Amino acid sequence: MDSRYNSQQTEDEIYALWEKADAFNPDSVKKLRQRNDNKLNEQATSTNEQIASTGKQFSIIMPPPNANDPLHVGHAMFVALEDIMIRYHRMLGDDTVWIPGTDHAGIETQFVFEKKLKKDGKSRFNFDRSTLFKMIWDYVKANSEVAKDQIKKLGASADWSRFKFTLDKDIVENVTKTFQLLYEDGLIYRDLKLVNYCTRCGTSYSELEVDHEEKIDPLYTIQYGPLQVSTVRPETIFGDVAVAVNPNDDRYKQYIGKMIGVEFPWGKKTMPVISDEYVDPKFGTGVVKVTPYHDQNDFQMWETHKNEISEIPVPVINTSGKIYNAPKKYNGLGVINARAAIIEDYEAYKNSLGNSLLINIDKKYSHSVGICYRCSKPIEPLPLPQLFIKVADTSNPKNKKLNLVQRALETLDSRATKIHGAGREKILRHWLNNLQDWNISRQIVWGIPIPVWYKINGNEDKITVSFVDRNKAYQTGPLSKWLKTTSLEEIKQNIQSINAEISVPYSVSIEDPKLAATTEKDGSNYIQETDTFDTWFSSSQWPVVTLKTNNKKDFERFYPTSVMETGYDILPFWVMRMMLLGNYLTGKTPFKNVYLHGLIRDEKGKKMSKSKGNVINPLEVKEKFGADALRMALVIRSTPGQDKSVGKPDFKATRNLTNKIWNAARFTILMFENPHETSFIKNAPGDAEYLKKLNSVISETSKHLSDLKIGLAAEVIYNEFWHWYCDICIENAKQGKISLEVLKIGLTTFLKLLHPFMPFITESIWQELRKEKIVSEKLLIVSDWPTQVS
RNA sequence: GAACUUGUAGCUCAGUUGGUUAGAGCGCUUCGUUGACAUCGAAGAGGUCAGAGGUUCGAGUCCUCUCAAGUUCACCA
């Protein structure tokens, strides 16, 4: 053995050794474990029963990384933590599985791909949806092995034979089926609501995906008939249908319920004055103009006062962020330009009395604006017909299954799901208690199609289609117009998107309802919704669908899973929604424990970001220091829910640990090969106490691992190995104070205890020890976890 | 406005149901190659555990308040 451990030489070899033995697959591990010890195999079968399985199961579903994303240090963190748990339980003899997978990451991936298109001078509007989908599919496929390979390089002992991708055919079928079930249970509805829409990304988002930013914008106060109103968004003024004041505001009581005439630079209009508690008399002028289709609060006011408002609201900003349904000169302008043009007109305009309608401009008005979490462009609240999941249906209190939120809270109350991570359970409960219905429609191609079909016959005017025509030109308009010149089949083939009015009847069906045997038979034609599911809709079923689509018995065998391990940053997006849908689909929690790791920060405690240049590339660290050192550095002294700073000094320290392990083993082998007189001492004076201490290290490490205290377990094993075993015991053995025999027991015990944390070096040493006939078990990975020694 | 988290050695952080003398890594000082390891070993310096009060035989740990830092949520015409 060399005097230094060379991680680069051994890691790939060792991983191949495990893969060849099929040591990650629970279906073969049991046999492997029985055959692992040559000696045992030669003896009576009764010995075999001792190492047979514990009868317990242990399962983890890997949080699927984006299929086309290279690894960052957060991935390395989850690989390290999950692999530690998995290897520990595998060695204990539990029926252990770790199911890997990747995510299509709808919006993220389409966004990246569109950037690529843009470089080539193209956009998504150049392609029909099936062509675009295929292009993205090929792109993702070309990159998809990257994530997989990198996870392997970190030593993940995941069962690759059970690998799943969120767009695998069987996964898609299951996800679609779930939608049907939800629909049949009345938990799906289609409604025209204000949704959070990003006009740059071209899709809507759920409320969880909207970020907020403090902005300073001019606040304009304008004359509004006899009243004055303040607004930062004069461009929405064309959509106003009423004016609202507080019912107790004496200044305006006289106007409530009356119609007022309002003069604009472009004309006049009358509208009612309504009263609503929402209006704060102290803010601004105490008068609010009501623009139902472009402001969430206004929308709510409109819904409660519908009867008092005769005018039917119209949207005035379209999905491209352009003005429409307005006086001609403003139509087609972008939001920012429209605002400028309107203010310019207000500044120039004088009414019949010669007064300006623009009362005041507060240029330092600070407010918070919803922005797109992806591209930071302001989110536009737009009225769009979208599909929603009712998260807390209380209409039938007897059917508890339908109240998804309630069920999730119950699993927390009963401790069927335990949250590990500083204070995160309270946050989760807060989220659950305030959850809005979940908008699952996304206006992108890269995702699972929604199985909703609109009835065409009789609704041709209410369905707008966009498609690429024979001349590769982009066309859009009502179906009634296009059906005169183009066949339905041709439109369907070249479709980009459709938009059906809320009144259009639809059915939920995997196939075209016209052709499907089970549904409507009136001969009508149908056209499928072009929206796709929110990516989180499929990932929120991940524990269920991965188990259901693998080996038939996997679901019964491994559900509910033991631990869901992921970063706390996706607690509301993912973990919470897995609880909603997992409980709904199976009646059981999808996981017994949630382990939320913290963010990895740089050595100064700063967040990592590309712009700061302080990003740690896990593969670079692996090359320099070894995967074992990387894993240990990330994990040691980490606590769930708490961020962790890691830097080069940490990797160096754990790399030194690998070298220490290497040399301790080397020394033991040397002693066996080249014995001194002291080596033959039996039952040395220090043996008893030494073994007692060794036993306490075993039980302490095991307890921490069982309690999911990974960081603590790592620290214990590190300190005891280095500062007790190496610094004290080896020195004592040199002096004959403890015998070589127990020193060997210590070494093999520590190799086993260290193996979950540092799998490569420990297995590699194990193989050396086998060559020297110091140990008999063939593979450390499937060896028995140490029990008390005597 | 609200919630949550954090405050322990120069730096980055552990500290298990409250229980001897509060730990690790890096850094620092002084020595040291004696059967593995200089990617090492030995010895050492360095802490009023943010502050104040309380519960307790006993508090870094539990409670209250104050201060500071961070994160998230909500609201804003």
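Since we're looking at a predicted model, the values are computed, not measured.
A donor-acceptor contact under 3.5 Å links the side chain of K734(A) to the base of A36(B). Donor-acceptor pairing under 3.5 Å, judged by distance alone, is present between the side chain of E731(A) and the base of A36(B). One donor-acceptor pair, N or O on each side, does fall under 3.5 Å between the base of C37(B) and the side chain of K660(A). Donor-acceptor pairing under 3.5 Å, judged by distance alone, is present between the side chain of S368(A) and the base of C75(B).
For R666(A), a side-chain nitrogen or oxygen approaches OP1 or OP2 of C37(B) to under 4.0 Å. Not one side-chain nitrogen or oxygen of R637(A) sits closer than 4.0 Å to the OP1 or OP2 atom of A24(B). Side-chain N/O atoms of W722(A) include one lying less than 4.0 angstrom from OP1 or OP2 on G41(B). At the phosphate of G25(B), OP1 or OP2 sits under 4.0 Å from a side-chain N or O atom of H723(A). Checking the phosphate oxygens (OP1, OP2) of C40(B), a side-chain nitrogen or oxygen of N656(A) falls inside 4.0 Å. Considering only side-chain N and O atoms, T668(A) lies nowhere under 4.0 angstrom from the phosphate OP1 or OP2 of A36(B). Put simply, H212(A) has a side-chain N or O that comes within less than 4.0 Å of OP1 or OP2 on A74(B).
Within the nucleic acid shown, R233(A) has no heavy atom closer than 4.0 Å to any nucleic acid atom.
The P atoms of G7(B) and G35(B) are separated by 46 Å, rounded to the nearest whole Å.
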(request) Check the pair R251(A), D249(A) against salt bridge (charged side-chain N to carboxylate O under 4.0 Å, His left out), reporting the backbone distance first and the verdict last. (result) CA-CA 5 Å; R251(A) 291 173 294 176; D249(A) 194 331; 2.9 Å; yes
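Remark: of the listed residues D295(A), D240(A), D298(A), D240(A) is the sole one forming a salt bridge (Lys or Arg N to Asp or Glu O under 4.0 Å) with K289(A).
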Every protein N/O within reach of nucleotides 59-69 of chain B N/O, cut-off under 3.5 Å:
none

(request) Would you write the dot-bracket representation of RNA chain B, where each base gets (, ), [, ], | or . depending on whether it forms a Watson-Crick or G-U pair under 3.5 Å and with which partner? (result) (((((((..((((.....[...)))).(((((.......))))).....(((((..]....))))))))))))....
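Stacking of K737(A) on the aromatic ring of Y690(A) is not recorded, the 6.0 Å distance cut-off and the 45° axial limit not both being met.
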